[in-house]
Amino acid sequence: MIDRPVSPVTRGKAEPNGSLADFIWFRTGGPAQWLVRPADVEDLAATMHALDPEVPVMPIGVGSNLIVRDGGVPGIVVRLPKAMARVAVEHGRVRAGGGAMGIGVASAARDAGVAGLEFLRGIPGTVGGAVRMNAGAYGRDVSDILIEVTVVTRTGAVETWPAARLGYRYRHSDLPAGAVVVEAVFAGEPGDPAVIGAEMDRIAAEREASQPLRSRTGGSTFKNPAGHKAWTLIDAAGCRGLRNGDAQVSEKHCNFLLNLGQARSAEIEALGEEVRARVFAHSGVGLEWEIQRVGLPA
């Protein structure tokens, strides 16, 4: 943890040793040195500006694609409140707060007859996380629909960036460390709400049938290498159902890792590294983590 005093000033809530395992999908990992829930964008900007520049800041949404290591996260973890999760549709564009969930954005677009955002129904995280990692599903990525994003930088500046400035690549953006996505504007096209809803239902049913949605998991574990599907490489290497204590490779979809109950983050991460080693030994293909692994070991 950071040795120097870290005392965030906010009109929202600031909790020392704030639990992350309470909401991270894996339900594992150590605490944040400080867990900050700002009141609004202006409050977040003031908090960031007042912090010692050496104090790291990390935004976390719902932790749906995240391993928090057992020693916790030094510095400040920012979690946006519901007030920063609003969604509005304006002239065929969808404006969403950084804390909004993908399903909420897709549903608002559907209700307003805006097509093209249906795939967000299949992304279980927040807008902030989706924008940062160029999340995608069912043939589309955030980079296909993003018009602009508003961020609070590590220095506390509030800036609006065009999508091109994010330098999008597969599951990656150039958004700097410590910057927090507070709003995004997405492009859509006119559509029939019934048709849009049917496509969202199809996506939901396909996810339910193929992914371990009712388990403690971290979503898609490894990026798909060029020309391959990660899950087929994992399966071919004999890793389906592989265990390390209470950490397991899902039987249902082997690019998902599970916490069967009492797994520690170290066990989950070690299992992922074992999968990578076995896949490389079997196929010569190196798997790259898609799940973000953050914090310190115990």
Side-chain angles (χ1 to χ4, degrees), residues 1-16 18 20 32-63 65-66 73-88 90 93-102 104-105 125-135 141-143 145-169 171-187 292 294-295:
M1 295 296 177
I2 302 297
D3 292 332
R4 70 189 71 201
V6 180
S7 301
V9 178
T10 175
R11 289 186 284 106
K13 297 179 180 179
E15 180 184 356
L20 303 178
Q33 187 171 4
W34 282 91
L35 179 59
V36 173
R37 297 176 177 87
D40 49 36
V41 173
E42 292 74 20
D43 181 43
L44 174 61
T47 299
M48 301 271 268
H49 180 73
L51 282 175
D52 183 321
E54 297 301 313
V55 174
V57 173
M58 178 184 300
I60 294 180
V62 293
N65 206 212
L66 191 68
V73 179
I76 306 292
V77 168
V78 173
R79 192 170 191 213
L80 301 183
K82 290 182 179 179
M84 297 171 72
R86 298 190 178 100
V87 183
E90 306 164 348
R93 294 182 171 188
V94 180
R95 184 178 298 274
M101 296 293 292
V105 178
T126 61
V127 164
V131 166
R132 175 174 286 277
M133 71 172 291
N134 193 18
D141 299 324
V142 165
S143 58
I145 61 172
L146 185 69
I147 298 172
E148 64 183 28
V149 60
T150 301
V151 301
V152 176
T153 69
R154 177 58 187 82
T155 60
V158 181
E159 299 178 356
T160 298
W161 294 10
R165 186 172 171 183
L166 274 70
Y168 272 138
R169 299 179 292 285
R171 302 296 176 265
H172 179 82
S173 76
D174 291 338
L175 198 65
V180 182
V181 172
V182 294
E183 187 176 80
V185 179
F186 300 112
Q292 301 297 300
V294 302

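Only this structure's heavy atoms are used, side chains among them; waters, hydrogens and symmetry mates stay out.
- Annotation: side chain of Val78 is in contact with side chain of Pro38 (closest heavy-atom distance under 4.5 Å).
- Using a 4.5 Å heavy-atom cutoff, the side chains of Val158 and Glu42 are not in contact.
- Proximity of Val127 to Val149: side-chain heavy atoms (C-beta onward) are nowhere separated by under 4.5 Å.
- In this structure, Glu148 CD and Glu183 CD are separated by 8.0 Å, a value rounded to the nearest 0.5 Å.
- For the side-chain contact (heavy atoms from CB on, under 4.5 Å) with Arg79, the qualifying choice from Ile60, Val36, Val62 is Val62, the only one to do so.
- Checking Leu146, Val151, Val181, Asn134 one by one against Leu166, the side-chain contact (heavy atoms from CB on, under 4.5 Å) holds for a single residue, Leu146.
- Taking 4.5 Å as the limit, every side-chain heavy atom of Arg86 sits out of range of all side-chain heavy atoms of Arg95.
- No more than 12 heavy atoms of other residues, nucleotides or ligands lie within 6.0 Å of CZ in Arg93, so this atom counts as exposed by the packing criterion.
- The shortest side-chain heavy-atom distance between Arg169 and Asp174 falls under the 4.5 Å cut-off.
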Exercise for the section: Would you please test Asp40 and Arg11 for side-chain contact (heavy atoms from CB on, under 4.5 Å) and show each step? Expected result: CA-CA 9 Å; Asp40 49 36; Arg11 289 186 284 106; 2.9 Å; yes
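- Taking the side chain as every heavy atom from C-beta outward, Arg171 and Val142 never approach each other to under 4.5 Å.
- The minimum heavy-atom distance between Pro56 and Pro74, with the atom names listed, is CG-O, 3.7 Å.
- At a cut-off of 3.5 Å, with distance as the only test, a side-chain donor of Thr10 or Asp43 sits close to an acceptor on the other residue.
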Practice task
In sequence, state the C-alpha distance, the side-chain angles, and the governing distance for Arg37 and Glu15, and then conclude on salt bridge (Lys or Arg N to Asp or Glu O under 4.0 Å).
Solution key: CA-CA 9 Å; Arg37 297 176 177 87; Glu15 180 184 356; 3.7 Å; yes
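- Nearest heavy-atom pair across Val105 and Ala96 is CG2-CB, 3.8 Å.
- The two residues Pro81 and Ala39 come nearest to each other via the heavy atoms CG-O, 4.2 Å.
- Looking only at side-chain heavy atoms (C-beta outward), Leu80 and Thr126 stay at 4.5 Å or farther from each other.
- Closest non-hydrogen pair, Val41 versus Met84, comes out as CG2-CE, 3.7 Å.
- Tyr168 places none of its side-chain heavy atoms less than 4.5 Å from the side chain of Leu175.
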